[in-house]
Amino acid sequence: MKLGTIECWLIWKLTGGAAHVTDATNASRTSLMDLTTREWRADLCALFNVPITALPEIRGCADLLGTCEPAALGAALPIHGAAGDQQAALVGHGALKAGEAKITYGTGAFLVANVGTAPVASTSRLLGTLGYDAQGQVAWALEGSIFSAGSAIQWLRDGLGVLEESRRSEAMAQGLKDNGGVYLVPGFTGLGAPWWAPDVRGAVLGLTRDSGPAHFVRAALESLAYQTRDLLDALEKDGAPRLDVLKVDGGVTANAWAMQFVADVCGVVVERPAFQEMTALGAAKLAALGVGLIADLEDHPVEAPARWTPRMGTEERERLLKGWRAAVKAAIVAVP
């Protein structure tokens, strides 16, 4: 019997079963790898009843992972460049130093922050993980997951029919002078980090007779920023330095109003690269490092022509965050 995650299976198939290997970032997400030694832990394997002999060999993200059978791709090509989705995006963004971070805004959202050359045990309910391990270049990370990001706008579009197209959300939010005291807690599938409250459900608070469809849209977009701020606060509690720049990607980043609000609420510069496929780019850079096409992961940095700088006052920011925190507390208390 042999076990492994999806990249392990792909390598196995491409090599005709000759290579049973996994990269260290994917191994770090199985709860079976020792984060310090980057080896399988016998006690964890015993805890989860996983035979350690069935697990693949752990290698670095840029190591030679095997050689393709010629029939697979037309040549006996070496396989390099494997990493988990969010870790690869971290590399793609070039967030290679401690204190740098990226967040991907898609259906959900995933913040990954580089914390340096030693693992950090979070006390703020973030996930400790390996950022990358590439030919002597090693970084550890903390990750926070937001369950509902772009899906909140999809719900307004498809579920409530508040807007016909998602791209209309920007104009609707901009058309209001403020949020009117309306907050949307997007707990459609529970709340992720740092609450980890799976039983919480979505809630809209602060409605008045003046509230209209645009308030729902604005509240959904604002919730992206509030949830991001909560993750950044958790990072600080874990000892990570306060970010100066937050690198972003994903479909929601096309909404310039939402990105400005993230910058305002989080008090950081938000940067969006011209090229959006950060996971693919990160895997490609790891492969390029492995075969010697680049000498360092810092080679060929991505350009980030879109930048949003904070312009909201401290008093306004704290007033909005106070309302958000009260809304989250109410949603959690409402769980039967």
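Only a predicted model underlies this, so the values are computations on that prediction, with no experimental measurement involved. Positions are given from 1, in the same order as the sequence printed here. Basis for what follows: all heavy atoms, side chains included, without hydrogens, waters or symmetry-related copies.
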Hey, mind stepping through Lys329 and Ile332 against side chain to side chain contact (heavy atoms under 4.5 Å, CB included) and telling me if it holds? CA-CA 5 Å; Lys329 182 178 180 180; Ile332 293 175; 5.9 Å; no
Would Leu232 and Leu111 count as a side chain to side chain contact (heavy atoms under 4.5 Å, CB included) here? Give the steps. CA-CA 9 Å; Leu232 296 184; Leu111 173 77; 4.0 Å; yes
Would Leu246 and Thr228 count as a side chain to side chain contact (heavy atoms under 4.5 Å, CB included) here? Give the steps. CA-CA 10 Å; Leu246 180 62; Thr228 303; 3.9 Å; yes
Stepwise, does the side chain to side chain contact (heavy atoms under 4.5 Å, CB included) test hold for Ile146 with Asp230? CA-CA 10 Å; Ile146 295 171; Asp230 288 341; over 6 Å; no
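By the neighbour-count criterion of 12 heavy atoms within 6.0 Å, atom CD of Glu277 is sparsely surrounded, having that number or fewer from other residues, nucleotides or ligands. Within 6.0 Å of atom CZ in Phe216, 12 or fewer heavy atoms from other residues, nucleotides or ligands are found, so the atom counts as exposed in its surroundings. Within 6.0 Å of CZ in Arg168 there are 12 or fewer heavy atoms belonging to other residues, nucleotides or ligands.
Between Asp233 and Arg229, at least one side-chain N (NZ, or NE/NH1/NH2) sits under 4.0 Å from a carboxylate O, which counts as a salt bridge.
Between Ala152 and Leu184, the shortest heavy-atom contact is CB-CD2, 4.4 Å. Val185 and Ala331 get closest at one heavy-atom pair: CG1-CB, 4.0 Å. Closest non-hydrogen pair, Leu224 versus Ala149, comes out as CD2-CA, 3.3 Å. Contact between Leu35 and Ser28 at its shortest, heavy atoms only, is CD2-CB, 3.9 Å. Minimum heavy-atom separation, Arg319 to Tyr183: O-OH, 4.1 Å. Between Ile294 and Lys285, the shortest heavy-atom contact is CD1-O, 3.5 Å.
Here CG of Leu286 is found 9.5 Å from CD of Gln135. Values are rounded to the nearest 0.5 Å. Between atom CG of residue Asp23 and atom CD1 of residue Ile11 there is a gap of 7.5 Å, rounded to the nearest 0.5 Å. With rounding to the nearest 0.5 angstrom, the CD atom of Glu170 is 12.5 Å from the CG atom of Leu163. Arg41 CZ to Phe48 CZ: the interatomic distance, rounded to the nearest 0.5 Å, is 10.5 Å. Atoms OG1 and CZ, from Thr22 and Arg29 in turn, are 12.5 Å apart once rounded to the nearest 0.5 Å. Once rounded to the nearest 0.5 Å, the distance linking CE of Met312 with CG of Leu320 reads 5.0 Å.
Residues Phe261 and Leu221 are not in side-chain contact: their nearest non-hydrogen atoms beyond the backbone lie 4.5 Å or more apart. Between Glu57 and Trp40 the shortest side-chain heavy-atom distance does not fall below 4.5 Å. You'll find the side chain of Pro194 reaches within 4.5 Å of the side chain of Leu231, heavy atoms only. Put simply, the side chain of Arg272 reaches to within 4.5 Å of the side chain of Trp308, judged on heavy atoms. Residues Leu65 and Thr15 fail the side-chain proximity criterion, which asks for heavy atoms closer than 4.5 Å. In this structure, Thr279 and Thr104 have side chains that are not in contact, with every pair of non-hydrogen atoms separated by 4.5 Å or more. Taking the side chain as every heavy atom from C-beta outward, Trp195 and Gln227 approach each other to under 4.5 Å. For the pair Asn255 and Tyr105, the minimum side-chain heavy-atom distance is 4.5 Å or more.
Remark: the backbone N or O of Leu3 is paired with a side-chain donor or acceptor of His20 at under 3.5 angstrom. Remark: side-chain polar atoms of Tyr132 are not paired, donor with acceptor, to backbone N or O of Leu90 under 3.5 angstrom. Glu316 places no side-chain N or O within donor-acceptor distance of the main-chain N or O of Gly313, the cut-off being under 3.5 Å. Side-chain atoms of Ser124 never come within 3.5 Å of backbone atoms of Leu126 as a donor-acceptor pair (strictly under, hydrogens ignored). Of the possible polar contacts, none joining the Lys102 side chain to the Lys247 backbone as a donor-acceptor pair under 3.5 Å is found. In this structure, Arg307 contributes its side chain and Val269 its backbone to no donor-acceptor pair below 3.5 Å. For Gln260 (side chain) and Thr309 (main-chain N/O), a donor-acceptor pair under 3.5 Å exists by modelled atom type. Of the possible polar contacts, none joining the Thr253 side chain to the Asp249 backbone as a donor-acceptor pair under 3.5 Å is found. Counting only distance, with no hydrogens or angles, the side chain of Arg59 and the backbone of Leu64 share a donor-acceptor pair below 3.5 Å. No donor-acceptor distance shorter than 3.5 angstrom exists from the side chain of Asn114 to the backbone of Glu100, with no hydrogens or angles considered.
Side chain to side chain, Asp133 and Thr25 fail the donor-acceptor criterion of an N or O pair below 3.5 Å. Side-chain contact annotation: Ser151 with Thr107, donor-acceptor N/O pair under 3.5 Å absent.
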